[in-house]
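One structure is given here, and the rest of the page talks about it.
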2 protein chains.
Amino acid sequence: MSAKTGRPKGDSDARQRLIAAALALFGNQSFNNVSTRQLAREAGVDAALIRYYFGSKLGLFEQMLREMLEPMLERLRAQPQAAFPSDLTGLMQTYYSIMAPNPNLPRLVVRVLQEDEGTEPFRILMTLFGEVMALSRQWLGKVLLNSGRLRPGVEPELARLSFTSLMVFPLIAPQVLIRQFGISLDADFLPTLIQHNVQVMEKGLFLPEDADMRTLS
Amino acid sequence: MSAKTGRPKGDSDARQRLIAAALALFGNQSFNNVSTRQLAREAGVDAALIRYYFGSKLGLFEQMLREMLEPMLERLRAQPQAAFPSDLTGLMQTYYSIMAPNPNLPRLVVRVLQEDEGTEPFRILMTLFGEVMALSRQWLGKVLLNSGRLRPGVEPELARLSFTSLMVFPLIAPQVLIRQFGISLDADFLPTLIQHNVQVMEKGLFLPEDADMRTLS
DNA sequence: TCTTTAATTCATCATTTGATGAGTATGGTA
DNA sequence: TACCATACTCATCAAATGATGAATTAAAGA
């Protein structure tokens, strides 16, 4: 019979499981609404391990974010331009491929950003996610503006907003709403969504590809 | 000197102030994250009054939602068609005019819908907001589909999704993001946003107004 | 005026929360 | 083998939370 107490035999993935549980739970509920006991239960682990590995609940939160965002950041920072397509379709595909590995993250980020700005989780998130925002903004700007095809009269900032709305909303919308649209956001569906969004933006924000620039005001 | 305890002289708006506090706080934090003491402090009122007027914290939540959504529902239910324009601009203007009175509501709704679906606040919200969703869907369907101008190849459900993304995202996006776009969502700005969104959808989803229908497949 | 009802404060309770320290067993190393 | 760091469990604490009932005062009605 195995001992209840003391170090368990063999290897264990308690730490990993806590990180996974944190992503799962913080992805769907706000920081304060998730209890350490819940996290431990979800991970199948004693609650005191949170302190052991991460110092505190906030420590677990921070470490989880770090491990989720780091790969994303590395990919965005590398940006040898070549790897970052400058056409809308390529932009959206790359974007979704960066986000796809952890579908809980967008909801988590948006929820935390909405919490009172003075709060600790907010500061932690901003430290890590601020750079993601900045790099994305830069990249998006390149695609939208440098293409030189924005329809005259279309404010660049509003174009950014539209792009973000079309891309982000489906990722953060509550399931009840998503279901109402008769769609599901699994990998199968993504290409369809991307194609649709590209169409909307191509015709909605840009001049026809072959348009003569001299027709501008 | 006024007595600390007992019924206060003259009229008081304690009940009203609690409702207002509830909208303000539940608008920015999740249900469990807002304490009765916080609500009371925000309203400048003793916490026991929550029980007195609403039975419980959940009762206050429900009553607040009821009072916020009822006017909205009445307006949507009336729908003498005439009052509900069938052009995109009119649709968006009416929509925003319905939402404008309480800018906290969209965030609140989306947050509650995202919380675990088994929860009490969720059920309460769905009872009231379900009808809002259904009526909006109906109305939107009329405008999008019955116009007969959807570009061929554009899935109606995706058109709905795009519309909702463009309309709702700006209302629920965290302030940090909104600021990043260099815009603010006050009344001054709404017309600009509406005009932009109409443009995007007109050109992105619809056939040119004067298009000859015979060019369709 | 007397009595009942309405509106409020206050002290307090059981429960849940995050954190903590003491204790226990395993693994690697000298 | 002796030893110490590693990986865990468990009981428990102080703080915060929602709820509650008793007490207090004002207003309204008879």
Side-chain angles (χ1 to χ4, degrees), chain A residues 1-22 25-26 29-64 112 115-116 118-124, chain B residues 1-22 25-26 29-64 112 115-116 118-124:
Chain A
M1 49 180 65
S2 65
K4 280 272 176 224
T5 170
R7 178 174 182 162
K9 297 181 188 179
D11 286 355
S12 130
D13 48 356
R15 203 196 117 103
Q16 281 285 55
R17 309 193 55 176
L18 274 173
I19 296 269
L25 293 184
F26 290 133
Q29 274 149 286
S30 80
F31 183 79
N32 285 318
N33 208 9
V34 175
S35 75
T36 53
R37 286 156 175 89
Q38 238 178 105
L39 285 161
R41 185 155 16 94
E42 171 89 8
V45 141
D46 190 280
L49 283 187
I50 293 173
R51 176 171 152 84
Y52 181 68
Y53 281 117
F54 310 102
S56 68
K57 180 184 167 189
L58 202 64
L60 166 54
F61 179 79
E62 176 167 8
Q63 192 55 36
M64 177 269 284
V112 173
E115 309 240 313
D116 272 353
T119 208
E120 260 313 291
F122 181 92
R123 267 201 293 275
I124 289 174
Chain B
M1 49 180 64
S2 67
K4 279 271 175 223
T5 172
R7 178 172 181 161
K9 298 181 188 178
D11 286 352
S12 131
D13 48 356
R15 205 196 115 102
Q16 281 284 55
R17 309 193 54 177
L18 274 172
I19 296 269
L25 293 184
F26 290 132
Q29 274 149 287
S30 79
F31 183 79
N32 285 319
N33 208 9
V34 175
S35 75
T36 53
R37 286 157 174 88
Q38 237 177 103
L39 285 161
R41 186 155 17 93
E42 173 88 7
V45 140
D46 189 279
L49 283 187
I50 292 173
R51 176 172 154 83
Y52 181 69
Y53 280 119
F54 310 100
S56 68
K57 181 184 166 188
L58 202 63
L60 166 55
F61 179 78
E62 176 167 8
Q63 192 55 37
M64 177 269 284
V112 173
E115 309 239 313
D116 272 353
T119 209
E120 260 314 291
F122 181 92
R123 266 201 291 277
I124 290 173

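Hydrogens, waters and symmetry mates are skipped; everything else that's a heavy atom, side chains included, is used. Each chain gets a letter, A, B and so on, in the order its sequence line appears, and its residues count up from 1.
Between B:L49 atom CG and C:dT8 atom P there is a gap of 5 Å when expressed in whole angstrom units. Between the CZ atom of A:F54 and the C1' atom of D:dC8 there is a distance of 14 Å, rounded to whole Å. One can place CZ of B:R17 at 11 Å from P of C:dT8, the figure rounded to the nearest angstrom. As rounded to whole Å, 12 Å separates atom C1' of C:dT8 from atom CG of B:L18. Rounded to whole angstrom, the span from the OH atom of A:Y52 across to the P atom of D:dA7 amounts to 4 Å. In this entry the distance linking CZ of B:R41 with P of D:dA16 reads 11 Å, nearest Å. Here D:dA7 presents its C1' atom at 13 Å from CG of A:D13, a figure rounded to the nearest Å.
The minimum heavy-atom distance between B:E42 and B:A21, with the atom names listed, is CG-CB, 3.5 Å. Taking all atoms of both residues into account, the shortest heavy-atom contact from A:G118 to A:R123 is O-NH1, 3.2 Å.
Judged as a ring-ring contact (aromatic ring centres under 6.0 Å, His included), the pairs with a partner in residues 40-61 of chain A (not counting sequence neighbours) are, in order, A:F26-A:F61, A:F31-A:F61.
Looking at A:P121 and A:E115, their side chains never come closer than 4.5 Å, going by heavy atoms from C-beta outward.
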Grab the N/O contacts between the protein and nucleotides 27-30 of chain C below 3.5 Å, and write none if there aren't any.
from	atom 1	to	atom 2	distance (Å)
C:dG27	OP1	A:G10	N	2.9

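The CG atom of B:L39 lies 7.0 Å from the NZ atom of B:K57; values are rounded to the nearest 0.5 Å. Atom-to-atom distance recorded for B:T36:OG1 and B:Q38:CD is 9.0 Å, nearest 0.5 angstrom. Atom CZ of B:R37 is separated from atom CG of B:D46 by 10.0 Å, given to the nearest 0.5 angstrom. Here CG of B:N33 is found 11.5 Å from CD of A:Q29. Values are rounded to the nearest 0.5 Å.
With a 6.0 Å radius and a threshold of 12 heavy atoms from other residues, nucleotides or ligands, B:E120 has its CD atom above the threshold.
Closest contact between the side chain of A:T5 and the listed nucleotides D:dT25, D:dA7, C:dG23 involves C:dG23.
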Notebook entry, point to check: Nucleotide by nucleotide, 5' to 3', does protein get under 4.0 Å of the base (B), only the sugar-phosphate (S), or neither (-) in nucleotides 11-22 of chain C, counting heavy atoms?
Noted result: ------BBSBS-
